[in-house]
S.K.: 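Encoded as C-alpha cells, here's the structure I'll be asking about.
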Protein chains: 2
Amino acid sequence: MTWDRAVTRNDVARYAQVSPAVVSYVVNKGPKRVRPETEARVLEAIRVLGYRPNAAARALKLRSQEIFGLVLSSGGNALFVELANAIEDAAKAERFAVILTNSRASAAKEREHLRNLVARQVDGILLASVDAVPDISDVSAAGVPIVLLDNTGTVPAVPSLGADLEGGAYAAVSHLIGHGHQRIGMISGPPGDHPDGRETGWLRALSEHGLPEGPLLPAKVSRFGGYQAARRMLAFPGAPTAIFTSGDAQAVGALRAIHEAGKHIPEDVAVISFDGSTEAEYTWPPLSTMRQPVDEIARDAVTALLALKAGGGTPPQHRHYTTTLQARGSCGCADTPA
Amino acid sequence: MTWDRAVTRNDVARYAQVSPAVVSYVVNKGPKRVRPETEARVLEAIRVLGYRPNAAARALKLRSQEIFGLVLSSGGNALFVELANAIEDAAKAERFAVILTNSRASAAKEREHLRNLVARQVDGILLASVDAVPDISDVSAAGVPIVLLDNTGTVPAVPSLGADLEGGAYAAVSHLIGHGHQRIGMISGPPGDHPDGRETGWLRALSEHGLPEGPLLPAKVSRFGGYQAARRMLAFPGAPTAIFTSGDAQAVGALRAIHEAGKHIPEDVAVISFDGSTEAEYTWPPLSTMRQPVDEIARDAVTALLALKAGGGTPPQHRHYTTTLQARGSCGCADTPA
DNA sequence: ATGAAAGCGCTAACAA
DNA sequence: TTGTTAGCGCTTTCAT
C-alpha cells in the first residue's frame with residue numbers, strides 16, 4: 001500500500017491517540033519514559049501505518065546526518081575494497097552510513113569530493129589522500145572532523161592513522177636478504193616532497209646488511225605503474241634479483257612484467273610488497289606482502305572521528321600500525337595453499 | 001575561523017541587507033532572478049561569512065536527500081570496484097551522492113542494508129543482489145525506487161539491468177571451441193531456483209558444436225570458490241582441457257589451482273571467464289574474459305532510478321547488455337601487453 | 001506520564 | 001526585483 005503523502009509522526013500520534021511527543025519518546029526510547037500500555041499503542045500504530053521517521057527532519061533537528069564521507073583512491077590503494085568494507089562496518093556499528101567517493105589518483109578530484117562532502121554536511125570525513133600532505137583547507141574551514149588514513153602525522157593538528165611504513169619495508173627487505181638476495185630494487189610511489197617511509201626502510205635494511213643501494217624507480221601506484229617500472233628495471237644492466245614494491249597493486253603489475261620477460265618468480269626475480277590485499281593471495285605465484293591490519297585501522301579511524309565530533313579537547317593522535325609479513329611464493333617461501 | 005553557531009541563510013541575508021529569500025534565489029540560481037548588483041552583494045556575504053547551505057534543511061524541504069544507496073557484494077562481484085566507481089560518477093553527474101554498502105554474499109546482510117537505506121530515506125536504491133530473486137519487500141513497501149543490477153527481469157515490475165549472460169557465455173565457450181577444445185567444463189555460481197543464463201549459453205555452445213556436456217561444478221562466486229572448484233575439476237578422470245567460469249573472481253581462483261597442479265595455461269588447461277574486471281588484465285597468464293559495459297550499465301541504472309523517482313508512469317525496463325570478448329593469454333590467444 | 005510548543009534552516013508560493 | 005511567510009517533520013524543554 002502506498003500513500004500519497006508519507007506517514008508522519010503526527011499521523012501516528014493521531015492514530016494512537018497520543019501527542020506527537022510521545023511518539024518521539026517511543027521511537028527514540030527516550031528521553032522520557034512512556035507507560036508500557038501507551039507504548040504498545042504507539043508501536044501498533046507505527047506498524048499499522050508503516051511509519052518511518054523522516055531522516056532529514058531528524059538530521060535537521062539533531063544537527064547530524066549520521067553519515068561519514070570516505071575519500072579513497074582506487075587507482076592507488078590495493079586495499080580499496082577491504083578498507084571501504086571495514087570502514088563501512090565500523091561506521092555501521094555506530095549507526096553511521098558512509099558515502100564513498102573515489103578520487104582516482106587525482107588531487108583535484110579529491111579536493112572536489114572533499115568540498116562536496118562538506119557541503120553535504122557529513123559528520124566527518126575519512127581521507128586516504130593521493131598526496132602525502134593533502135589539501136584539506138575546505139574541510140578545516142568548515143570545521144568538519146577529519147581523520148587521515150594511510151598517513152601519519154604529515155598534517156599538524158589532524159589525526160592520522162597509517163601503517164608503519166618504514167618498519168614494514170625494513171622487515172620486507174630484510175626477509176628478501178634472508179633469502180640470499182644481494183641486489184634488491186624498489187618500485188616506489190611517485191616522487192613527492194615528503195620522503196616515503198618505505199624508501200627509508202628499504203634503504204636502512206640494505207645498508208645495515210652492508211648491501212649496495214639497489215635501483216629505485218618511482219612509479220604510479222597502480223598495477224600499470226608497477227608493470228612499467230618493473231619492465232624498465234629488468235632491462236637494467238645488473239638487474240636486481242629481488243624487487244620490493246610500495247603496494248600490492250604495483251607488485252601485481254611487476255609480476256606480469258617479470259613473467260613476460262620470461263623470468264621465473266622467485267628463482268630469477270623475487271617480489272615482495274606492501275598492503276596485504278586479497279588479490280595478493282591469488283596472483284601467480286602468490287604474492288608475499290606486508291599485511292596492514294585493515295580492520296583495526298578502520299575501527300580506530302571511526303573511533304577517532306567520533307571523538308573529534310564529540311569534540312572533547314582531545315589532541316590529534318597519530319597512530320601507526322605494525323604490519324606483518326605474509327610470506328608466500330613470490331619471495332621464495334613455500335606457498336601455503338589457501 | 002570557526003563560529004559557535006553555524007552560519008545560516010539568515011546571517012547572510014542580514015549581512016547583505018537583503019531578505020532570506022533573495023539569498024535562496026542566489027544560491028539556487030532561481031526560481032526568481034536577482035539584480036546582478038544584489039547578487040554580488042549576496043555572493044560577497046556568502047564568501048565573507050563562509051556560508052554553507054544546510055543540507056538537512058534542504059532535504060527536509062525538498063523531500064530529497066540527493067543520495068542513492070548502492071548495495072553490492074564484494075565477495076561475489078569482481079566488478080565491485082569498477083561498478084561502484086562508475087555508479088558514483090554517474091550519480092555525481094546528477095548531483096547525487098552514493099551510500100555504499102556491502103552485503104558480503106549474505107542475503108540477510110543485504111536485507112538489513114536495504115532496510116537501513118530505506119530508513120535513511122535515500123532517493124533510490126541500486127541493488128546487485130546475492131540472489132537471483134532478491135527480497136526487496138522492505139523497499140517496495142516504502143515505495144523507494146529501486147533498480148536491480150546484474151539481473152534481468154526476475155522480479156516483476158522492477159526495472160533491472162544486466163549483461164546478456166547467455167549470449168556472453170555462448171560466445172566465450174564458442175571461442176574456446178575455436179581453439180580446438182572438446183572437453184569444456186564450467187564453474188558456475190551456487191545453485192539456485194533460477195537457471196543461470198551462463199549455464200544455458202555454455203550448454204548451447206556445446207550442443208550446437210556437437211560436443212559432450214562437460215563437467216559443471218557450482219561454487220561460491222569468489223576467488224576461493226573458483227579455486228576449490230577448479231581443484232576438484234582437475235582431479236576428474238578425463239578432466240576438461242578448458243574451463244569457463246561465471247565470473248572473473250572464480251577464474252582467478254581457478255588459475256591458481258591450475259598452476260598449483262603443475263599444469264600450463266593455456267596449453268594444458270585454458271580458461272575464459274565473465275566480467276572484464278581490471279584484475280583479469282594482470283593475472284598470469286592474463287585472463288580472457290567477456291567484458292561487461294560497466295560504465296554504460298552504471299549510467300543507465302542511474303537514469304532508470306531517476307526516471308522512477310520522477311515517477312512518470314514509465315513501465316519497468318529490463319535491459320541486457322552485450323558483452324565483448326577480451327581475448328588474452330588464458331584462452332590461448334596472444335597477449336597484447338597492456 | 002503526557003502534552004504544547006518553539007524552533008532547526010530552508011524553499012517557494014504569494015504579496016508588494 | 002525583493003520581501004513575507006507558511007510550512008517540511010522532528011526533538012526536546014517546559015508545563016501540566
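To find a chain, count down the sequence lines: A is the first, B the second, and so on, and within it residues start at 1. Computed from a prediction, not measured in an experiment: that's the story for all the values here.
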S.K.: Starting at atom CZ of B/Arg52, determine the distance to atom P of C/dG9, rounded to an integer number of angstrom.
M.R.: 16 Å
S.K.: At under 4.0 Å, does any side-chain N or O of B/Thr8 touch on OP1 or OP2 of C/dC8?
M.R.: no
S.K.: What integer distance in Å separates A/Asn28:CG from D/dT13:P?
M.R.: 12 Å
S.K.: For D/dG3 and B/Ser19 - does any side-chain N or O of the residue sit under 4.0 Å from the phosphate oxygens OP1/OP2?
M.R.: yes
S.K.: Tell me which nucleotide among C/dT2, D/dT4, D/dT1 gets nearest to the side chain of B/Arg35.
M.R.: D/dT1
S.K.: Could you give the CD-to-C1' distance, from B/Glu39 to D/dG3, as a whole number of Å?
M.R.: 18 Å
S.K.: Would you tell me if any nitrogen or oxygen in the side chain of A/Ser24 comes within less than 4.0 Å of OP1 or OP2 on D/dT12?
M.R.: no
S.K.: Could you tell me how far apart B/Arg58 (CZ) and D/dG7 (P) are, to the nearest whole angstrom?
M.R.: 21 Å
S.K.: Applying side chain to side chain contact (heavy atoms under 4.5 Å, CB included), run through B/Leu70 and B/Thr101 and close with a yes or a no.
M.R.: CA-CA 6 Å; B/Leu70 173 60; B/Thr101 67; over 6 Å; no
S.K.: When only distance counts, do a donor and an acceptor, one from the side chain of A/Tyr25 and one from the base of C/dG3, lie under 3.5 Å apart?
M.R.: yes
S.K.: May I ask you to decide if B/Ala132's main-chain N or O and B/Asn151's side chain share a donor-acceptor pair within less than 3.5 Å?
M.R.: yes
S.K.: Pick the nucleotide of DNA chain D nearest each of B/Val34 and A/Ala55; which residue has the one closer to the 5' end?
M.R.: B/Val34
S.K.: In whole angstrom, what separates B/Leu60's CG from D/dG7's C1'?
M.R.: 9 Å
S.K.: To the nearest Å, give me how far apart CZ (A/Arg63) and P (C/dG7) are.
M.R.: 13 Å
S.K.: Quick check: are there more than 12 heavy atoms from other residues, nucleotides or ligands sitting under 6.0 Å from CZ of B/Arg104?
M.R.: yes
S.K.: Between P on D/dG9 and OH on A/Tyr51, what's the gap in Å once rounded to a whole number?
M.R.: 10 Å
S.K.: Mark yes or no for whether B/Asp11, through its side chain, and B/Thr8, through its backbone, hold a donor-acceptor pair below 3.5 Å.
M.R.: yes
S.K.: What integer distance in Å separates A/Leu62:CG from C/dG7:C1'?
M.R.: 13 Å
S.K.: Is the side chain of A/Arg58 donor-acceptor paired with the backbone N or O of A/Gln65 at a distance under 3.5 Å, no angle test?
M.R.: no
S.K.: Heavy atoms under 4.0 Å, any strand shown: does B/Pro20 hit a base, just sugar-phosphate, or nothing?
M.R.: nothing
S.K.: Spell out yes or no: do the side chain of B/Lys61 and the base of D/dG7 have one donor N/O and one acceptor N/O closer than 3.5 Å?
M.R.: yes
